[in-house]
Amino acid sequence: MTTARGRYAKGLQRREQILDTALEVFATGGFHASSTKEIARRVGVSEPTLFHYFGSKQALLVAVLQARDERSAAARAEPGTGPEALLETVRDNGSEPGLVRLYAVTSAEATDPGHAAHDWFARRYDRLRTALAAELEPGAGPGADPGADTGAGAAPAGELTPDRVARLLLAAADGLQVQWLLDRPPGGDPADPADPGGFDMAADLRALVAALVPPR
């Protein structure tokens with residue numbers, strides 16, 4: 001007889017299986033070209049069962065992005081949310097062009113307030129910017145408070161405050177990844193990490209970090 005705890009554990013396992021499969025399908029074929037029927041088929045469940053776990057294809061996408069973020073943070077060799085952690089993330093993304101494309105396309109579409117992922121991306125950027133700015137404070141470490149400097153438009157024109165540098169670094173990281181996608185040779189397989197192409201995003205971002213962040 002299956003206990004309530006057993007059913008709960010099985011449900012969590014099935015949810016993780018759906019997320020893993022959806023990430024693979026979305027990263028390979030793109031969100032719009034992918035179907036929930038194909039995801040359900042690969043998992044071995046019906047489409048209604050998939051929608052029991054995730055109410056819509058858009059909700060599944062948000063859950064996939066969130067789960068990928070959490071797993072990346074847990075696996076990162078560089079702890080915290082400072083420049084080195086950002087550089088490590090960008091470097092790792094160089095082996096996953098399909099995932100980079102999924103983030104780039106979805107983040108652009110999510111600028112529409114009506115998009116299912118709008119709130120998630122807004123919270124994500126706010127969290128990343130605030131955490132990065134805190135670690136850029138002189139003498140600050142993880143968990144520091146950047147204070148009033150984090151307010152939009154609070155910094156005098158031309159002053160490289162921690163909050164402004166954090167925004168610049170995040171914007172550069174996103175922009176470099178878009179350029180990297182465009183720079184990849186035609187005919188390359190976007191789902192094949194072994195496919196060569198593009199420039200070294202992390203090296204370019206490191207050069208910007210060196211120019212903007214004073215040595216400690």
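Computed from heavy atoms alone, side chains included, the values below leave out hydrogens, waters and symmetry copies.
Atoms CD and OG, from Glu47 and Ser35 in turn, are 7.5 Å apart once rounded to the nearest 0.5 Å. To the nearest 0.5 angstrom, Arg124 atom CZ is 4.0 Å from Asp69 atom CG. Residue Phe199 holds its CZ atom at 5.0 Å from CD of Gln179, rounded to the nearest 0.5 Å. One finds the NE2 atom of His118 at 15.5 Å from the CD atom of Gln58 (value rounded to the nearest 0.5 Å). Here the straight-line distance linking atom CZ of Phe26 with atom OG1 of Thr106 works out to 9.0 Å at 0.5 Å rounding. To the nearest 0.5 Å, the span separating CG on Leu128 from CG on Leu86 amounts to 8.5 Å.
Nearest heavy atom pair, residue Gly29 against residue Ser34, reads C-OG, 4.0 Å. Shortest non-hydrogen contact noted between Gly55 and Ala59 is N-CB, 4.3 Å. Summarising the geometry of Lys57 relative to Phe31, their closest heavy-atom pair is NZ-O, 2.7 Å, with the distance given to 0.1 Å. Across all non-hydrogen atoms, the minimal contact from Leu102 to Ala27 is CD2-N, 4.5 Å.
Using modelled atom types, no side-chain atom of Thr21 and backbone atom of Val43 make a donor-acceptor pair closer than 3.5 Å. Judged by distance alone, with hydrogens and angles left aside, the side-chain atoms of Arg167 form no donor-acceptor pair with the main-chain N or O of Arg129 at under 3.5 Å. Side-chain N or O atoms of Thr111 include none that pairs as donor or acceptor with a backbone N or O of Ser107 at under 3.5 Å. Looking only at distances, no side-chain donor or acceptor of Thr49 sits under 3.5 Å from a matching main-chain atom of Val45. Of the possible polar contacts, one joining the Tyr103 side chain to the Leu65 backbone as a donor-acceptor pair under 3.5 Å is found. Although no hydrogens or angles enter the test, the distance criterion places a donor-acceptor pair under 3.5 Å between the side chain of Gln177 and the main chain of Ala173.
Using a 4.5 Å heavy-atom cutoff, the side chains of Pro162 and Leu132 are not in contact. Using a 4.5 Å heavy-atom threshold, the side chains of Leu176 and Val90 count as separate. Using a 4.5 Å heavy-atom threshold, the side chains of Leu160 and Leu168 count as touching. Side-chain contact check for Leu50 versus Leu60: some heavy-atom pair is nearer than 4.5 Å. Counting heavy atoms from C-beta on, the side chains of Glu16 and Leu19 come closer than 4.5 Å. The shortest distance between side-chain heavy atoms of Ile18 and Gln13 does not fall below 4.5 Å. Side-chain contact between Arg206 and Glu84: present, with at least one pair of heavy atoms (C-beta onward) separated by less than 4.5 Å. Taking 4.5 Å as the limit, every side-chain heavy atom of Trp180 sits out of range of all side-chain heavy atoms of Asp204.
The pair Arg71-Asp20 counts as a salt bridge, with a side-chain nitrogen and a carboxylate oxygen less than 4.0 angstrom apart.
Here Leu182 is tied into one hydrophobic group with Val178, each link being a pair of ILVMFWY side chains closer than 4.5 Å.
Under the 4.5 Å side-chain heavy-atom criterion for Ile, Leu, Val, Met, Phe, Trp and Tyr, Ile39 and Phe51 are members of the same hydrophobic cluster. In terms of hydrophobic clustering, with Ile, Leu, Val, Met, Phe, Trp and Tyr side chains grouped at heavy-atom distances under 4.5 Å, Leu181 and Leu205 are assigned to a common cluster. The hydrophobic clustering, which links ILVMFWY residues whose side-chain heavy atoms are closer than 4.5 Å, places Leu208 and Leu170 together. The same ILVMFWY cluster, assembled from side-chain heavy atoms under 4.5 Å apart, contains both Leu87 and Leu212.
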Begin from the C-alpha positions of Glu24 and Arg42 and carry the test salt bridge (Lys or Arg N to Asp or Glu O under 4.0 Å) through to its verdict. CA-CA 11 Å; Glu24 179 184 349; Arg42 294 193 188 188; 3.6 Å; yes
May I have the step-by-step check of salt bridge (Lys or Arg N to Asp or Glu O under 4.0 Å) for Glu96 and Arg101, ending in yes or no? CA-CA 9 Å; Glu96 299 184 279; Arg101 180 175 288 106; over 6 Å; no
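Side-chain atoms of His32 and Glu109 include a donor-acceptor pair closer than 3.5 Å.
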